[in-house]
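Single-structure report; data block below.
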Amino acid sequence: MHQFSRRSFLTCTALGTVALVVSDPVTGARRVVAQEEVAGLLDPTTLPAFVTPLLVPPTMPRTRRRGTRGGPVDHYDVSVRQFSQQMLPEGHPATTVWGYGPAEGGVGRRLHHAPSMTIEAEHGVPVRIRWINDLVDDHGRYLPHLLPVDPTLHWANPDLRPGPGGEARTDVRPDFSGLTYVPPGGVSDPDTQYTTYQGPVPAVVHLHGAMGMGDESDGYPEAWFLPAAWDLGEHAPHGTWYEFFARKSLKRYGEEWQPGEQVAHYPNDNRDSTLWFHDHTLGITRLNVYAGPAGFYLLRGGPQGEDQVRDARTGRRAVLPANAPASSQGRGQVPTYELPLAIQDRTFTTDGQLFYPDTRAFFDGYEGPYVPESPIAPVWNPEFFGNTLIVNGRTWPFHEVEQRRYRLRLLNGCGSRFLILDLDGIPGVRAHQIGNDGGFLPAPHDLAQDDLRILLAPAERADVILDLTDVPVGEHVITNLGPDEPYGGGEPIVDGVGDFDPADPATTGRVMALRVVASRDRDRTTPAEHLVLPGLPEEKAPARVRKLALLEHMHDIHDHEVEEGEAPAAALLGVMDAYPQLGDDALKARPLTWADPVTENPDVGDTEEWEIYNLTADAHPVHVHETPFQVLERREITVEEAEYVTDVGGPLPVPPGDRGRKDTVISYPGTVTRIRMTFTNAGQFVWHCHVLEHEDNEMMRPYRVGPVQPDQPADGSHHQH
């Protein structure tokens, strides 16, 4: 019998097993205490590593460029489709995945990939994308989800299960009163039983990091849409906000949305930076992204762009490593000195397919009762950690590189996993971070000061100059020291010193191999230590300060297996209210759900500071849509009963990688993180945790810039709790 502490759970380990991980209720430190086999999983230690060449994503071909009164606009028609892809090494089965690609027939169907081809954008030249949900078979019938969909969350709900009060509607937490959950295929009486959702897949695309676009283009979670399949039946074709945004898009851009698609307009007026696009559907983002659809969007130019980077030795324009001879000729067939690297974790079944848990019991052994007898969802897992790392869609690839400088555009595309990329095992290597989510840093940061490690939370990006000039010819491995469990801060245990066990060195501790060869010609790029990066825009004084909260909803467990304890039922956001009963500066958390009315409502042009109080045991990557922010500081806080803050310590230094501008920031447990941002664009947006399992179960909130828009869906009150 296991005695559960406040944070105890099961997590998939690198060997395809489930490990019971127990957290100390005071320190939050975790340790593995037991393991048991999970049938049907591919043992990743049987896979050969570094035998598959890295795929460098080529440039997405634009559909057309059209001139307008305001200048040219680049148009793309991009669809998401289902196909087979060789993620595992040759000799192993191909994997059924989803991915984006050109929507045209013929050759376009062969160019879909997970992750997709890269969209290259120019500062000031708008990009307009017709995103098409093409998850249908060859006969136009809808395809079901590849992964198990939990219908008990507050989610898209296209099959219109009634919510509390009996209203049949989308974007609601359905009411399962009187029903009992049974696994898929086990329903014998629909009047008394329910199971996972089996219908058509809702989708909506968010360009992560895009700034200044209308809310109709942001991929709002309730603006999802089904494919234009002929057999949708009684399923709702789209979400609550879809028609409102479609009318707005038609009025602003003259673009009519057809069934099964959205049209997004990106003005590209934010800083030169590494963006990425992925699905953002309410309640199933974790599943849609895990199935494969994501891609890089590289925005170049502008007043803080690549052309403004200078060589300190000459004062002239610096030379950064770039594709040669052209990005459109990538795919690894020509020398490519700029490498976008999307790092993700996956688990595979023995037949080569994607594995994702189909029961909550995978997480903590809890086998019910589930919704509606308890608040525990039957399928949703609070976190998931794949036992295999993939880079650009391939397990543990290799890439031939020369003894020269490279530019790495690094993306943590995992759902829950924090990465600590380690370059220290590469002899003679030098590395400088020159950019993050929001563009160039104020100055290059020599990663030797961080032991050649790069911490990346889910959704964070890093722009790194990797100097291999003095690295010996041969094969060298980029490793990962991030944990195979939730990250709470601190350092990996190395030589007996540290705070947590690093990833399994035989599996998730390996990322990819670099096969270093002699340089083929002279490296004319500017050494990173001589780069003078563009300045940052000035921030205005804040109009107001908001105190916000990161929280957990814990459910008491009492059964014959567990004598006492709690299990996570949901992750939550909220606000911190004054609580003078505990002291003049004491605060009390007020939890909020997705259904609650908007509480963050800046005016257009306002600058605000948000203080994000983390009252949980885990670190959370907080993402704010639409506007970049500045990380001001972090401070340790005293948390009482996971609900009250009674004391705030002194400011902690801002790490160099958090300087400049960000769109995603790590909020550490027991800290308050202060960010400052200016809201320039009216509309309805969201902020959320980018641990996708958290985002999908209430750790996301709408926020609005400016007044309520005429005819917009009702704010908060239209939802049912």
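Counting begins at 1 with the first residue of the sequence.
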Salt-bridge criterion met for R515 and E400 (N-O under 4.0 Å): no

Test ring-ring contact (aromatic ring centres under 6.0 Å, His included) applied to H92 - qualifying residues, sequence neighbours left out: none

Any carboxylate oxygen within less than 4.0 angstrom of a Lys/Arg side-chain nitrogen, looking at E306 and R407? yes

Taking R286 first and then E693, would you say they form a salt bridge - that is, a charged N and a carboxylate O separated by under 4.0 Å? no

ring-ring contact (aromatic ring centres under 6.0 Å, His included) against W155, all qualifying residues, sequence neighbours excluded: Y197

Under 3.5 Å, is there a donor on one side chain and an acceptor on the other for H123 and N268? no

With F277, which of W131, F296, Y266 fulfils ring pair (Phe, Tyr, Trp, His ring centres under 6.0 Å)? W131

Are H690 and H208 close enough that their ring centers fall under 6.0 Å? yes

Relative to each other, are the rings of H623 and H206 parallel, tilted or perpendicular (30° and 60° limits)? tilted

Lys NZ or Arg CZ of R510 over W396 ring: under 6.0 Å, within 45°: yes

Short side-chain donor-acceptor distance under 3.5 Å, H620 and T616: yes

Could you pull out the closest heavy-atom pair between M211 and D269, with the gap in Å? O-OD1, 3.3 Å

Taking NZ, NE, NH1 and NH2 as the nitrogens, is one of them in R634 or D658 under 4.0 Å from a carboxylate oxygen of the other? yes

Are T274 and R461 close enough that a side-chain donor and a side-chain acceptor fall under 3.5 Å? no

Is it true that R417 and E383 make a salt bridge, defined as a side-chain N closer than 4.0 Å to a carboxylate O? no

Between W594 and E698, does any side-chain donor sit less than 3.5 Å from a side-chain acceptor? no

If you look at every heavy atom in L354 and T96, which pair is closest and at what distance? CD1-O, 4.1 Å

